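Given the structure is predicted, the values throughout are model-derived calculations rather than measurements. Side-chain atoms are counted along with the backbone in the values below, which use heavy atoms only and exclude waters and symmetry mates. Residue numbering restarts at 1 for every chain, and letters A, B, ... go by the order of the sequence lines.
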There are 2 protein chains.
Amino acid sequence: MTQEEKQTEQIIMDAARKVFQQSGLGGARMQQIADEAGINKALLHYYFRNKKKLFEAVFKEDFNRYMIPLSGILLRETGLTVEERIVTFVQSFIRTLNQHPHLPLFVMHEIASNPNRMLGLVKGGDVFSQVGETGKPEDSESKVFVWQIQEGIDEGRYHSVNPEQFVISIIGMCVYPFVARPIIKFWLKKEDDQFKDFMEDRQREVIDYAFRILIKDYQPYADNHR
Amino acid sequence: MTQEEKQTEQIIMDAARKVFQQSGLGGARMQQIADEAGINKALLHYYFRNKKKLFEAVFKEDFNRYMIPLSGILLRETGLTVEERIVTFVQSFIRTLNQHPHLPLFVMHEIASNPNRMLGLVKGGDVFSQVGETGKPEDSESKVFVWQIQEGIDEGRYHSVNPEQFVISIIGMCVYPFVARPIIKFWLKKEDDQFKDFMEDRQREVIDYAFRILIKDYQPYADNHR
DNA sequence: GTCTATAGGAAGATAGAC
DNA sequence: GTCTATCTTCCTATAGAC
């Protein structure tokens, strides 16, 4: 693949990403993508054969480049403690999504409209995939975090949360504002810039919430200084 | 409007809802809706003139019947305390969405793809709408909950959270699992029934989290009994 | 009110020149 | 590799019979 090919291919994918994120697979128009890329409709087919293949290329790239690494912070075997995972995850997650605010809704919507095909697409580089034995058979690597939390509960350091519910809550607190972005912008009367600032502040806040939910003697720094 | 008209109209809307929720406005096909309703394509146009109008009817009904009342529990002036609001909201919300799991993603996605038109559609019965003076001018009724929380913080009963961030967190913890339903089902290896049970359990858990984030001397019942 | 048949147009995909 | 022109398919929407 020459340098020029890669460049055009990338221009097309960026244009396609924009249109697909706005309109979804069904609603997107090849003409609109071509216009956005400043090229011709026929060229889209030259590079990607058809609309579905173009979509899958975009989706796969998004999922693998962003969703997988981010989930990995929380779920994969990394040697991090529970607390480190939470801090790193929340910060990386919100910062990344602040750069790509349309990503979550796009990914969620397309997975929902065809779970098997979409989840099938990303198998292989998948955080969820069943990998080798970890001494805890019948379960996947993606449960390490869950076990770590359970351990802390058993040792009496943590409140007795349901680890799976807790994980979903952290992710939810981070993702939801982006999914509901237009509503929140409307409710809080914020423009794009202000929303971004609001989400920057949110990092501290969510970490604080997560720790307060989980850790038994948690005393946030802010409590004595606000 | 006769009884029969209303019935047919409702059949069409139910069919349309199903198809729109699965495919979005752009991806939905009038033929598919007609099939789903067990009637003819032409009849759709007889009742709703065109696709866009049919879509708007469905969207508006969903939003007004479910989203507005639910948000109202949390946000509107009702005489409830903060604690009562949280308990009622989380329970109603999760129970309702357990009946209509596709609702949030549908609503969010369509608002995102055209915020002005969609948010315009629901103005009037809107939780966000600016209504009469409440003694706190320049702000809307939908901020009552925020003020209540601020009051509790000032009185030293609550931790010093950012009230807006806190509200969004509660909603996020409730909504996110439904938005990410296929992924979560996949990750936790749950079927529809098990997911439903998981969400039933989640009610207690989220209320617990919310209280632990907010209330200074919160001692959950479960802590002494698990 | 409900159907069949079809007009009319939009959008994906291809052929072929350059 | 990139374009213009065109084919073909599919879908919305309407006309008109019953």
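Distance CZ (B/R49) to P (D/dT12): 16 Å, rounded to an integer number of Å. Regarding B/M30, its CE atom lies at a distance of 20 Å from the P atom of C/dA5, rounded to whole Å. B/K41 places its NZ atom 11 Å from the C1' atom of C/dA7, with the value rounded to the nearest Å. Per the geometry, CG belonging to B/D35 stands 12 Å off P belonging to D/dT12, to the nearest Å. Computed from coordinates, the A/E9 CD to D/dT2 P distance equals 11 Å when rounded to whole Å. Rounding to whole angstrom units, CD of residue B/Q32 and C1' of D/dT12 are separated by 15 Å. In this structure, NZ of A/K52 is placed 13 Å from P of D/dC10, rounded to the nearest angstrom. Regarding B/K51, its NZ atom lies at a distance of 12 Å from the C1' atom of D/dC10, rounded to whole Å.
Of the N and O atoms on the side chains of A/Q31 and A/D35, at least one donor lies less than 3.5 Å from an acceptor on the other residue.
Side-chain proximity of A/Y47 to the nucleotides C/dC3, C/dT14, D/dT2 is greatest for D/dT2. Distance from the side chain of B/L43 is smallest to C/dT2 among D/dC3, C/dT2, D/dA13. Proximity note for B/I39 (side chain, C-beta onward) versus C/dC3, D/dA13, C/dT14: the nearest is C/dC3.
Of the charged side-chain nitrogens involved, none lies within less than 4.0 Å of a carboxylate oxygen, so that B/K196 and B/D193 do not count as a salt-bridged pair. Classification of A/K60 and A/E56 as a salt-bridged pair fails, no side-chain N sitting under 4.0 Å from a carboxylate O.
A cation-pi arrangement is not found for A/R85 relative to A/F145, the charged atom failing to lie both closer than 6.0 Å to the ring centre and inside a 45° cone about the ring normal.
For the pair B/R29 and D/dT12, the criterion of a side-chain N or O lying under 4.0 Å from OP1 or OP2 is met. In this structure, B/Y46 does not reach the C/dC3 phosphate: none of its side-chain N or O atoms is under 4.0 Å from OP1 or OP2. When the side-chain nitrogen and oxygen atoms of A/T8 are compared with OP1 and OP2 of D/dG1, none of them lie within a distance under 4.0 Å. Distances shorter than 4.0 Å separate some side-chain N or O of A/H45 from OP1 or OP2 on C/dA13.
Residues A/F55 and A/F20 place their aromatic rings such that the two centres sit under 6.0 Å apart.
Within the 4.0 angstrom heavy-atom criterion, base atoms lie near A/N40. A/A34 comes within 4.0 angstrom of no nucleic acid atom, judged by non-hydrogen atoms across all strands.
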